[in-house]
Amino acid sequence: DIQMTQSPSSLSASVGDRVTITCRASQSISTYLNWYQQKPGKAPELLIYRASSLESGVPSKFSGSGSGTDFALTISSLQPEDFATYYCQQSYSTPTFGGGTKVEIK
Amino acid sequence: QITLKESGPTLVKPTQTLTLACTFSGFSLNTRGVGVGWFRQPPGKALEWLALIYWDDDKRSPPSLKSRLTITKDTSKNQVVLKMTNMDPVDTATYYCAHRRDCGGDCFDYWGQGSLVTVSS
């Protein structure tokens with residue numbers, strides 16, 4: 001299995017902040033990396049696929065970057081609706097998820 | 001419009017077999033590239049992938065759970081069924097199914113609302 005490690009596991013930020021979450025794969029996965037947002041009590045939603053492609057309907061404040069083993073999700077200006085938990089998922093082989101990053105209000 | 005919905009018991013006893021159904025609409029599991037995946041999330045913990053079935057009936061699951069899981073599809077009913085044997089309290093979780101899209105790999109772009117399953121005697 002390919003292991004996915006996210007950091008930090010949680011962060012506190014203010015409305016308007018630029019936030020970056022990182023995800024590291026245990027081996028190279030090219031750009032086979034997806035990002036999801038999950039709000040409490042809700043199912044995950046796909047934000048970014050293939051490391052940097054924005055899913056249809058997702059605001060452009062979300063962006064993804066990286067290749068190989070190191071990836072990042074950036075939210076350009078945090079808004080109240082962005083406070084949630086974010087997961088990375090590799091799609092290079094059978095799916096595995098990172099442990100999640102909870103974004104909380106400072 | 002793609003929708004998925006999980007159904008099954010909310011409470012199972014240890015050692016029992018869990019059977020969950022995912023009933024979907026808005027797509028066909030006969031369409032090339034399409035699949036349905038199952039996932040779970042214990043309370044307060046991360047997502048875990050359980051199983052995936054593709055349009056061509058190819059089936060995948062993680063080695064750690066492979067011996068306990070069975071995934072099948074019924075395209076006439078637009079349904080995917082997951083069976084998990086020998087349930088244990090650590091299997092208490094919300095179980096989700098999701099539509100798989102070919103994005104060069106496995107992307108899950110539509111999800112069910114989830115079904116909380118508690119394992120307790």
Side-chain angles (χ1 to χ4, degrees), chain A residues 1-10 21 23 25-58 64 66-67 71 84-102 104, chain B residues 1-7 20 22 24 26-27 33-54 58-66 69 71 82 93-116:
Chain A
D1 283 6
I2 298 174
Q3 308 302 317
M4 307 301 295
T5 303
Q6 285 183 238
S7 60
S9 56
S10 65
I21 298 165
C23 179
S26 60
Q27 67 181 72
S28 177
I29 57 171
S30 182
T31 58
Y32 292 94
L33 191 283
N34 307 321
W35 290 98
Y36 299 83
Q37 177 193 67
Q38 187 180 32
K39 296 181 179 178
K42 301 292 186 183
E45 293 186 5
L46 180 64
L47 298 176
I48 302 281
Y49 63 95
R50 290 300 301 272
S52 61
S53 295
L54 195 65
E55 176 69 357
S56 176
V58 173
S67 66
F71 301 86
T85 301
Y86 295 84
Y87 293 94
C88 61
Q89 173 239 324
Q90 62 81 17
S91 56
Y92 182 83
S93 65
T94 51
T96 49
F97 288 87
T101 296
K102 186 174 183 179
E104 298 176 300
Chain B
Q1 180 190 3
I2 290 177
T3 64
L4 304 97
K5 188 172 184 179
E6 306 86 355
S7 59
L20 291 170
C22 176
F24 57 84
F27 68 95
V34 170
V36 171
W38 279 98
F39 307 81
R40 68 179 177 181
Q41 187 171 38
K45 296 191 176 181
L47 291 163
E48 178 184 20
W49 166 67
L50 298 177
L52 181 51
I53 190 164
Y54 296 90
D58 187 17
K59 301 166 188 177
R60 306 287 171 93
S61 57
S64 59
L65 291 169
K66 202 175 189 69
L69 292 172
I71 187 169
L82 180 76
T94 297
Y95 288 74
Y96 295 98
C97 62
H99 172 267
R100 182 263 185 191
R101 182 180 88 216
D102 186 354
C103 55
D106 299 318
C107 289
F108 301 98
D109 55 355
Y110 292 89
W111 293 67
Q113 64 189 22
S115 179
L116 177 60

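Note on naming: letters A, B, ... go to the chains in the order of the sequence lines (proteins, then strands), and numbering restarts at 1 for each one.
- For K59(B), the NZ atom counts as densely surrounded, since its 6.0 Å shell holds more than 12 non-hydrogen atoms of other residues, nucleotides or ligands.
- For the pairing with F108(B), the side chain to side chain contact (heavy atoms under 4.5 Å, CB included) check across S91(A), P44(A), P95(A) returns one residue only, P95(A).
- Taking 4.5 Å as the limit, some side-chain heavy atom of R101(B) sits within range of a side-chain heavy atom of Y49(A).
- Between the side chain of Q89(A) and the backbone N or O of D106(B), at least one donor-acceptor pair lies under 3.5 Å.
- Atom OG1 of T96(A) sits about 9.0 Å away from atom CH2 of W49(B), to the nearest 0.5 Å.
- When heavy atoms are compared at a cutoff of 4.5 Å, F39(B) approaches chain A solely by way of its side chain, counted from C-beta outward.
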>> Go through it in stages, so that I can follow the logic: the residues are Q41(B) and Y87(A), the test is side chain to side chain donor-acceptor pair (under 3.5 Å), and I'd like the CA-CA distance, side-chain angles, deciding distance and then a yes or no.
In response: CA-CA 12 Å; Q41(B) 187 171 38; Y87(A) 293 94; 3.1 Å; yes

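- Rounded to the nearest 0.5 angstrom, C107(B) SG and Y36(A) OH are separated by 5.5 Å.
- Atom-to-atom distance recorded for L46(A):CG and H99(B):NE2 is 11.5 Å, nearest 0.5 angstrom.
- Contact record, A46(B) with G98(A): CB-O, 4.0 Å, taken as the closest heavy-atom pair.
- Taking each heavy atom of G112(B) and A43(A) in turn, the nearest pair found is O-CB, 3.2 Å.
- Heavy-atom distances place the side chain of Q38(A), and not its backbone, under 4.5 Å from chain B.
- For K42(A), the part lying under 4.5 angstrom from a heavy atom of chain B is the backbone only.
- With rounding to the nearest 0.5 Å, the separation of OG1 in T85(A) from CG in L47(B) is 9.5 Å.
- By the 6.0 Å contact criterion, CD on E45(A) is open, its count of non-hydrogen atoms from other residues, nucleotides or ligands being 12 or less.
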